*Asks:* 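Dumping the structure here so I can ask a few things about it.
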Amino acid sequence: MRPVRRRHLPSLGALATFEVAAKHLSFTRAAKELNITQGAVSQQIRLLEKALDVSLFLRKHNALELTTAGTDLFSAVAAGLDTISEGVGLLQPSGTPQAITISATNGMAAYWLKPLIDSFRHDHPEVGFVILASDEDGAMRNYSGVDIALLCGNERSEVGEELHYLFPETAQPVCSPGYLATHGPFDDPHDLNRANLLHLHERHWSADAIGWQPLGWEEWFRAQGARWTRGASSLSTNKVGLLIEAALAGEGVILGWQHMVSNLMAAGHLVAAHPASVTAGRGNFLRCQTASLQRPAVAEFVDHMLRSIK
């Protein structure tokens, strides 16, 4: 085969940095993913533009856009990196399956993802998993080593990715059967004000944490045409898992995310304190790297997750 003559290429590191910045249209988000400073990203992009003698970004006030040249280069670099990723995957020793790396919030990882992994490994014990769980500042959302990211928000697919909608962000009042028997029933929405309402601390919704609009007791009561009187509560925390454990222990009523508490309700460990639910204007998504889907184990596990919600 006749060898391909390659022209002199700029720094491959700069091209990789450009690909991340172009994907996010943000030097700040690119710096977070690459674990370098924003200044370092800007400098690498400037040097790349100088080497190519072309502008890659339109720099607007608080916004970036790709130029025509930037769009063309982004497609080429993304495709090239995907090819390299596939090639590296082929170097994995046969008989030693590569672990599937998945990122998710703490609650999603513990109460939705982990049961699915357990059921999958029952039939595929040879497949290993790495779970990267974090609620802080979307820390794992775009980590380059992630095969599958479980995200909540209003997501969109990027070059080299597949995006699947899972389910809406819906929550319902739940508690232990013992707590309902002792303190219930709560037939009217306002009746729940006399319960010990455990709730998420505002830190969970802050810009430094996840950055979502709140979905809590105030929103639930408002949706039912009632008012939350904000009575005394024995627990407020920024961790969903702690609330679920407190509810299981019979400490009070929580606003339980249905995808996290459905298994516990099916097993009878939790019950509905009131039948009404509230839904936020966002959904849960599965985002998978296209290159990762070339690995049979990843493709099979994605199918396993999608089948679980049908």
Side-chain angles (χ1 to χ4, degrees), residues 11-38 40-41 44 74-75 77-110 112-114 116-117 120-121 124 126-153 155-164 166 209-211 284-306:
S11 163
L12 294 181
L15 289 172
T17 298
F18 163 74
E19 191 266 346
V20 177
K23 178 175 65 176
H24 296 303
L25 290 177
S26 168
F27 291 171
T28 300
R29 292 180 65 185
K32 286 185 177 180
E33 176 172 335
L34 297 168
N35 197 28
I36 59 178
T37 65
Q38 181 180 344
V41 172
Q44 289 192 51
F74 179 42
S75 297
V77 172
L81 292 176
D82 284 344
T83 300
I84 292 172
S85 178
E86 292 174 13
V88 171
L90 295 176
L91 300 179
Q92 189 70 24
S94 59
T96 309
Q98 184 177 351
I100 301 173
T101 300
I102 308 177
S103 67
T105 62
N106 288 298
M108 186 75 156
W112 189 78
L113 174 61
K114 185 56 167 59
L116 286 175
I117 288 176
F120 182 80
R121 293 197 73 252
H124 303 83
E126 76 284 357
V127 179
F129 288 84
V130 175
I131 301 176
L132 302 177
S134 175
D135 292 336
E136 296 301 318
D137 195 29
M140 293 295 114
R141 291 170 68 89
N142 300 297
Y143 176 60
S144 59
V146 169
D147 298 307
I148 301 168
L150 300 178
L151 308 168
C152 181
E155 297 298 326
R156 61 186 179 90
S157 61
E158 307 282 359
V159 174
E161 297 174 343
E162 281 195 13
L163 188 71
H164 299 274
L166 296 176
I210 299 178
N284 286 271
F285 295 83
L286 182 162
R287 195 169 73 189
C288 187
Q289 298 294 328
T290 303
S292 297
L293 286 171
Q294 303 304 310
R295 292 155 48 200
V298 176
E300 290 179 25
F301 186 66
V302 169
D303 288 342
H304 181 69
M305 287 191 286
L306 296 178

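If you're wondering where the values come from, they're calculated on a predicted model, not measured in any experiment.
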*Asks:* If I compare all heavy atoms of Phe129 with all of Ala99, which pair ends up nearest, and what's the gap?
*Replies:* N-CB, 4.2 Å
*Asks:* Once you round to the nearest 0.5 Å, how far does NZ of Lys114 lie from CE of Met108?
*Replies:* 15.5 Å
*Asks:* Looking at CD of Glu162 and CD of Gln289, how far apart are the two atoms once the value is rounded to the nearest 0.5 Å?
*Replies:* 10.5 Å
*Asks:* Which heavy atom of Ala109 sits nearest to which heavy atom of Ala133, and what is that distance?
*Replies:* CB-CB, 4.0 Å
*Asks:* Working to the nearest 0.5 Å, report the span between CD of Gln44 and CG of Leu15.
*Replies:* 10.0 Å
*Asks:* State which residue, out of Val298, Val146, Ile131, fulfils the side-chain contact (heavy atoms from CB on, under 4.5 Å) condition with Thr101.
*Replies:* Val146
*Asks:* Would you call Leu150 and Leu286 a side-chain contact if the rule is heavy atoms closer than 4.5 Å?
*Replies:* yes
*Asks:* Could you tell me whether a side-chain N or O of Arg121 sits under 3.5 Å from a main-chain N or O of Val127, the two making a donor and an acceptor?
*Replies:* yes
*Asks:* Are Ile102 and Phe301 side-chain neighbours, meaning at least one heavy-atom pair lies under 4.5 Å?
*Replies:* yes
*Asks:* State, with a plain yes or no, whether a side-chain heavy atom of Arg295 is found less than 4.5 Å away from one of Asp147.
*Replies:* yes
*Asks:* Which heavy atom in Glu19 sits nearest to a heavy atom in Val77, and how many Å separate them?
*Replies:* CB-CG1, 3.7 Å
*Asks:* Of all the heavy-atom pairs spanning Cys288 and Ile148, show the shortest one and how long it is.
*Replies:* SG-CG1, 3.9 Å
*Asks:* Using every non-hydrogen atom in the two residues, find where Ala297 and Ile100 come nearest and quote the distance to one decimal.
*Replies:* O-CD1, 3.6 Å
*Asks:* Hey, are the side chains of Met305 and Trp112 touching, using non-hydrogen atoms and a 4.5 Å cut-off?
*Replies:* yes
